[in-house]
Protein chains: 2
Amino acid sequence: MGRWQPDSQGRLEQAALALYSERGFENTTVAEIAARAGLTERTFFRHFADKREVLFWGAPMLEGLMVSAVEAAPTTAAPIDAVAAALEATGPLLAERRDSARQRQRVIDANTDLRERELIKLASLATALAGALRRRGVGEPAATLTAEAGIAVFRVAFARWVSDPKSRDLPQLIRDSLGELQAVTAGR
Amino acid sequence: MGRWQPDSQGRLEQAALALYSERGFENTTVAEIAARAGLTERTFFRHFADKREVLFWGAPMLEGLMVSAVEAAPTTAAPIDAVAAALEATGPLLAERRDSARQRQRVIDANTDLRERELIKLASLATALAGALRRRGVGEPAATLTAEAGIAVFRVAFARWVSDPKSRDLPQLIRDSLGELQAVTAGR
DNA sequence: CCCGTAATGTCAGTGACTGACATCAGGGTA
DNA sequence: TACCCTGATGTCAGTCACTGACATTACGGG
């Protein structure tokens with residue numbers, strides 16, 4: 001048994017999600033989150049850079065997962081297919097957290113500041129994917145455009161997956177959305 | 001002559017851009033901006049919702065311009081072409097402000113909070129474009145995907161236009177980037 | 001049994017942002 | 001002319017996010 005209650009970070013994360021859900025992000029103070037987790041405000045800011053970051057703790061893991069998937073794609077795969085594989089690679093991880101993902105997304109969608117933070121995380125993801133593509137020999141601006149297009153596909157697919165309780169699984173929605181994007185960009 | 005010095009908003013905007021450029025966004029207080037404009041902090045917040053918003057005053061105008069361009073596109077135009085026309089429609093407006101656009105972009109790129117705000121403005125733009133497409137009869141998710149792809153193209157083209165002093169004009173860069181996106185999404 | 005250390009607590013401070021109320025100069029109106 | 005009315009600004013007090021400096025508190029090794 002540790003010196004203190006274990007998993008401070010996790011307790012803060014849970015307390016924050018609960019309070020943001022109950023009373024909204026703006027009506028929750030960091031002091032309240034910390035109190036609910038049995039800690040102080042100062043400790044909150046030692047674990048999370050700011051009040052928003054607590055909801056995006058998993059982003060670096062997702063980013064790492066996707067980058068690995070791009071690197072693992074066969075050398076012969078077209079850039080867009082390597083990115084598609086990366087997006088689909090998130091399926092299992094997200095599938096087992098669908099309920100909490102939905103709750104989290106409701107909180108984020110309800111607040112502009114949180115949506116800003118989500119957007120910059122996705123932008124960071126796109127940058128990372130573009131970097132992985134470049135390491136495969138893809139040039140610019142092809143790498144950036146492919147990554148950005150991939151993120152757009154992911155956004156659309158994820159939104160559907162989260163909002164519709166009866167939707168198909170995420171990888172399938174990703175494939176569908178990519179198909180739509182290809183149809184739509186093809187010109188006439 | 002009015003009761004007060006005219007164009008408080010414009011003076012605040014200029015003071016903010018100057019100070020953000022000189023000493024950086026984080027090292028500038030709102031009180032300093034207001035003092036430079038001959039006003040008080042409270043008045044700053046009557047004109048701008050927050051310290052970041054002062055740099056994004058023109059976003060609604062750009063959005064209106066693009067939406068109008070989508071609406072003005074011939075009914076026969078494919079969605080992606082209507083969006084391309086909207087992106088290119090910003091050319092003249094931005095061309096005559098290239099220097100200030102470059103200064104502004106340097107400031108934004110130097111600070112994460114400002115990049116967040118830029119991203120949500122672009123997301124708002126994408127939403128508006130998707131809405132305009134839907135009014136043309138484009139369904140979902142095609143409308144959203146087309147709009148998002150268009151914004152990705154714009155981002156890439158704009159970045160090149162701003163960073164390279166010798167680059168071609170923006171509409172040409174937009175056409176080039178769209179061509180690249182089409183090549184890259186085409187699959188094999 | 002002492003001591004270094006990592007996680008936490010305490011406290012004072014800065015600065016963004018807000019609400020309530022005061023001021024002040026024109027413009028219209030009696 | 002005297003009197004409101006109004007819109008833009010000023011003043012002031014307050015909340016809260018976030019930070020730096022320093023104190024505290026058990027472990028766990030030596």
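For the numbers below, each heavy atom of this structure counts, side chains included, while hydrogens, waters and symmetry mates do not. Naming: A, B, ... by sequence-line order, numbering from 1 per chain.
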Should [X] be listed as having a side-chain N or O under 4.0 Å from OP1 or OP2 of [N]?
X	N	value
Ser8(B)	dA8(D)	no
His47(A)	dA7(C)	no
Thr43(A)	dT8(C)	no

| request: Please check if atom CZ in Arg115(A) has more than 12 non-hydrogen atoms from other residues, nucleotides or ligands closer than 6.0 Å. | output: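 Counting neighbours around CZ of Arg115(A), 12 or fewer heavy atoms of other residues, nucleotides or ligands fall under 6.0 Å, so no.
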| message | If I take atom CZ from residue Phe56(A) and atom CD from residue Glu53(A), how far apart are they, to the nearest 0.5 angstrom? | response | 7.5 Å
| message | Regarding Lys51(A) and Asp113(A), does a basic nitrogen lie under 4.0 Å from an acidic carboxylate oxygen? | response |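 So Lys51(A) does not pair with Asp113(A) through a salt bridge.
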| request: Scan residues 13-21 of chain B against DNA chain D and write down, sorted by residue number, each residue with any heavy atom closer than 4.0 Å; if none is found, say none. | output: none
| Between Glu32(A) (CD) and dC18(D) (C1'), how many Å, whole number? |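 It works out to 16 Å between those atoms.
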| query | Between Gln9(A) (CD) and dA6(C) (P), how many Å, whole number? | reply | 17 Å
| Cation over ring face, Arg52(A) and Tyr20(A), 6.0 Å, 45° | no
| What class does the angle between the rings of Phe158(A) and Trp161(A) fall in, given that below 30° is parallel, 30 to 60° is tilted and above 60° is perpendicular? |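 If you compare the ring of Phe158(A) with that of Trp161(A), the planes turn out tilted.
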| message | Counting primed atoms plus P, OP1 and OP2 as sugar-phosphate and everything else as base, spell out the protein contacts along nucleotides 14-20 of chain C at 4.0 Å heavy-atom distance: B, S or - for each nucleotide, 5' to 3'. | response | --SBBBB
| Does the side chain to side chain contact (heavy atoms under 4.5 Å, CB included) test come out yes or no for Thr75(A) and Arg136(A), once each step is laid out? | CA-CA 8 Å; Thr75(A) 319; Arg136(A) 288 168 65 93; 5.5 Å; no
| task | Tell me yes or no: between the side chains of Gln172(A) and Asp176(A), is some donor less than 3.5 Å from an acceptor? | result | yes
| query | Can a donor-acceptor pair be found between the side chains of Glu148(A) and Thr144(A) at a distance below 3.5 Å? | reply | no
